Amino acid sequence: MDMTALRAEQVATAGKVIRHDDYAFTSPTIIAGADVGFEQGGEVTRAAIALLRFPTLELIEYRIARINTTMPYIPGFLSFREYPALLAAWDQLTQRPDLLFVDGHGISHPRRLGVASHFGLLVDQPTIGVAKRRLCGRFEPLSDEAGAKAPLMDKGERLAWVWRSKIRCNPLFISTGHRVGMDSALHWVQQCMRGYRLPEPTRWADAVASNRTAFQRWEQGRGEPDFFDLE
DNA sequence: GCGACAG
DNA sequence: ATCTTGTCGC
């Protein structure tokens, strides 16, 4: 693969990302979480998208897609590896969320095109990047209390909020994906917290993708009528 | 040249 | 990301 060409594509595509609020709702009705994982030694890429009602945060729908992996993981080029599977899961949804949380960075990326921004642009949806680790930029040390935050700075730009969502946990990196300003991004993420380090949409997407126990209880409760058309 | 480096 | 058991601390 031609890294030079991909790098140029990122710079060009990043120019189309909308970094401010550009959505109609005052309060969202549906917020989704997206998660990507790998199976069979990495040969298969699996994407999961979970839709939650807002503000109750109850799971209302989920979709899982599996496709053959096309690219290896290379820091800075994550979106090219993950978006095909995300698009496949997205196309299966019967309804669109108002907001989508994507695992990984948005504009807090060397060329300002993390997976949250790239995917948001592809489906023209408001997205927020929720990353667990830093990719680029610097920030002042955070105090220990839950709620502590500091701006992530890179080359004079404020790219994300480094936010300690829970005491004794490493902070999260909340950034603009597409069509959601940095402050709003943090705001909506904060509205989706329920006592864990990660927001509910992200946790559900992960639970659904890895068939976690909490998800299995939900699956049980819905009576498994359409066990087959779910993936 | 050396270290950093989302998932 | 994924492979994987127990274990230390609140």
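Chain identifiers are assigned alphabetically (A, B, ...) following the order of the sequence lines, protein sequences preceding nucleic acid strands; residue numbering begins at 1 within each chain. Just so it is clear, the model here is predicted, and its values are computed rather than measured.
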Under 4.0 angstrom between A:Lys132 side-chain N/O and B:dA6 OP1 or OP2: no
Among C:dC10, B:dC5, B:dG7, the one nearest A:Leu135 by side-chain distance: B:dC5
Short side-chain donor-acceptor distance under 3.5 Å, A:Ser143 and A:Glu145: yes
Length of the CG-C1' vector between A:Leu78 and C:dA1, whole Å: 9 Å
Gap between atoms CD and C1', on A:Glu39 and B:dG7 respectively (whole Å): 15 Å
Length of the line joining A:Phe119:CZ and B:dG7:P, which is rounded to integer Å: 17 Å
Sugar-phosphate only, base, or nothing, as touched by A:Gly76 at under 4.0 Å among non-hydrogen atoms: base
Aromatic ring proximity A:His118/A:Phe80, centre distance under 6.0 Å: yes
Distance, rounded to the nearest Å, where A:His109 contributes NE2 and B:dA6 contributes C1': 8 Å
A:Ser184 and A:His187 side chains, donor-acceptor separation under 3.5 Å: no
Sugar-phosphate, base or nothing in reach of A:Gly114, heavy atoms under 4.0 Å: base
Atom pair distance, as rounded to whole Å: CG in A:Asp103 and P in C:dT2: 11 Å
Sugar-phosphate only, base, or nothing, as touched by A:Phe80 at under 4.0 Å among non-hydrogen atoms: nothing
Salt bridge (Lys or Arg N to Asp or Glu O under 4.0 Å) between A:Asp91 and A:Arg63, intermediate numbers included: CA-CA 9 Å; A:Asp91 289 339; A:Arg63 293 289 155 177; over 6 Å; no
Heavy-atom side-chain contact between A:Phe119 and A:Gln125 under 4.5 Å: no
Atom pair distance, as rounded to whole Å: CZ in A:Arg111 and C1' in B:dA6: 12 Å
Touch class at under 4.0 angstrom, heavy-atom based, for A:Arg168 against every strand present: sugar-phosphate
For DNA chain B, the dot-bracket pattern of Watson-Crick and G-U pairs whose distances stay under 3.5 Å, | for other-strand partners: .......
Whole-Å distance separating the CZ atom of A:Phe173 from the C1' atom of B:dG7: 14 Å
Donor-acceptor contact below 3.5 Å, side chain A:Thr176 vs main chain A:Met182: yes
Donor on one side chain, acceptor on other, A:Asp183 and A:Trp161, under 3.5 Å: yes
Salt bridge (Lys or Arg N to Asp or Glu O under 4.0 Å) between A:Arg179 and A:Asp124, intermediate numbers included: CA-CA 9 Å; A:Arg179 298 172 52 183; A:Asp124 190 27; 3.1 Å; yes
A:Tyr196 six-ring face occupied by A:Arg203 cation (under 6.0 Å, within 45°): yes
Ring-base stacking, A:Tyr73 with B:dG7 (5.5 Å, 30° cut-offs): yes
Phosphate OP1/OP2 of B:dC5 contacted by A:Arg134 side-chain N/O (<4.0 Å): yes
Length of the line joining A:Ile74:CD1 and B:dA6:C1', which is rounded to integer Å: 13 Å
Side-chain donor-acceptor contact under 3.5 Å, A:Thr45 with A:Glu82: no
Per A:Phe38 side chain, nearest of listed nucleotides B:dC5, B:dA6, C:dA1: C:dA1
Listed nucleotide nearest any side-chain atom of A:Arg46, set C:dT2, B:dG7, B:dA4: C:dT2
Consecutive-pair stems (3 or more, Watson-Crick or G-U, under 3.5 Å) for DNA chain C: none
